[in-house]
Amino acid sequence: MTAKIIDGKEFAATVRAKVAIHVARLKEEHGITPGLAVVLVGQDAASEVYVRNKNKSTVEVGMNSYEHKLPADTSEADLLALIDNLNNDPAVHGILCQLPLPDHLNEELVINSIIPAKDVDGFHISNVGLLATGQKSMVPCTPLGCLMMLRDHHGSLSGLNAVVVGRSNIVGKPMAALLLKDSCTVTIAHSRTKNIEALCRSADILVAAVGRPEMITSDWIGEGATVIDVGINRIPAPERGEGKNRLVGDVHFASAVEKAGAITPVPGGVGPMTIACLLANAVTACCRANGLDEPEGLTA
Ligand code: GUN
């Protein structure tokens, strides 16, 4: 069997188009322009690229983008003061503080200083608790993107066996909570899990979020399973020339594609969905803040 390739790039474009329609409607019918603030502390090269892409995508769907770049030696008090201003600014509906933060800043404290209603990352402890108890919350962007692709492929996820490999707060745990909410039977696997290969082989849905290049080979995959590869790993690619790299997932794509029923590639799978879901979350936050109906199909 050769798997169906789930095209995240194309899917993300449809999500962005839906977001743009909702933004236009909010402007025309309610005179509201959703606003997303992104805070970046320091000069981490990868973070700068992410933030630039986020701002560009925000503007492209018609939302206001507020970029706050602070020096690496910004004090915690100054950062918290900025977040307090954004929390109280009615033009700002979503706030994202790019991680990682420089070492002298307490990440938990900073994330939990964003009011839950504007926490478009879904990292605030209140949103984590709401999601864990199956209540309405802001949902972390990457797992939300995975869920959208899974729902699109399967229709109902009810009763399916899902194995999530990786137990991070950003992907593994919220992914498991979302799959459970959609009535999957969910197992979280990690580095200490016994018989992990056999466990993964039993999955109808396998989500790989471990950050280890090509760890999951076809032996780990049940015939016809749906494989969602969250990993984005840069590995040396001397065949492309000296010092060159290439991106691979946590799944060994070439072997997995022969066994799975459907699979997301890297690049072009989950990656593009993350920013699309950030925009979706910003619109959701804006609708909730104004007591309006939430956009259909853009929330969990
Ligand atoms: N750094 C890498 N990914 C993310 C993300 O999803 N949100 C935030 N805030 N920072 C990140």
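Atoms within each ligand, like the ligands themselves, are counted from 1 in listed order.
- Not a single donor-acceptor pair under 3.5 Å links the side chain of Lys18 to the backbone N or O of Pro295.
- Taking atom 8 (C) of ligand 1 as the reference point, the nearest protein heavy-atom neighbour is Asp121 OD2, 3.4 Å.
- The distance criterion of under 3.5 Å between nitrogen or oxygen atoms is not met by Pro100 with respect to ligand 1.
- Among the atoms of Thr274, none of the N or O lies under 3.5 angstrom from an N or O of ligand 1.
- For a threshold of 3.5 Å applied to N or O pairs, the pair formed by Leu99 and ligand 1 contains at least one separation below that value.
- Nearest heavy atom pair, residue Met138 against residue Pro116, reads CG-O, 3.7 Å.
- For a threshold of 3.5 Å applied to N or O pairs, the pair formed by Tyr50 and ligand 1 contains no separation below that value.
- Asn64 and Thr33 share no donor-acceptor pair across their side chains, judged by distance under 3.5 Å alone.
- Of all non-hydrogen atoms in Met63 and Val283, the two that sit nearest each other are SD-CG2, 4.1 Å.
- Residue contacts with ligand 1 leave out Cys141, since none of its heavy atoms falls under 4.0 Å from the ligand.
- Side-chain contact between Leu179 and Met175: present, with at least one pair of heavy atoms (C-beta onward) separated by less than 4.5 Å.
- Pro265 and Phe253 get closest at one heavy-atom pair: CA-CE1, 3.8 Å.
- In terms of protein heavy atoms, atom 11 (C) of ligand 1 is closest to Gln98 NE2, 3.4 Å.
- The Leu96 neighbourhood of ligand 1 comprises atoms 9 (N), with distances under 4.0 Å to a heavy atom of that residue.
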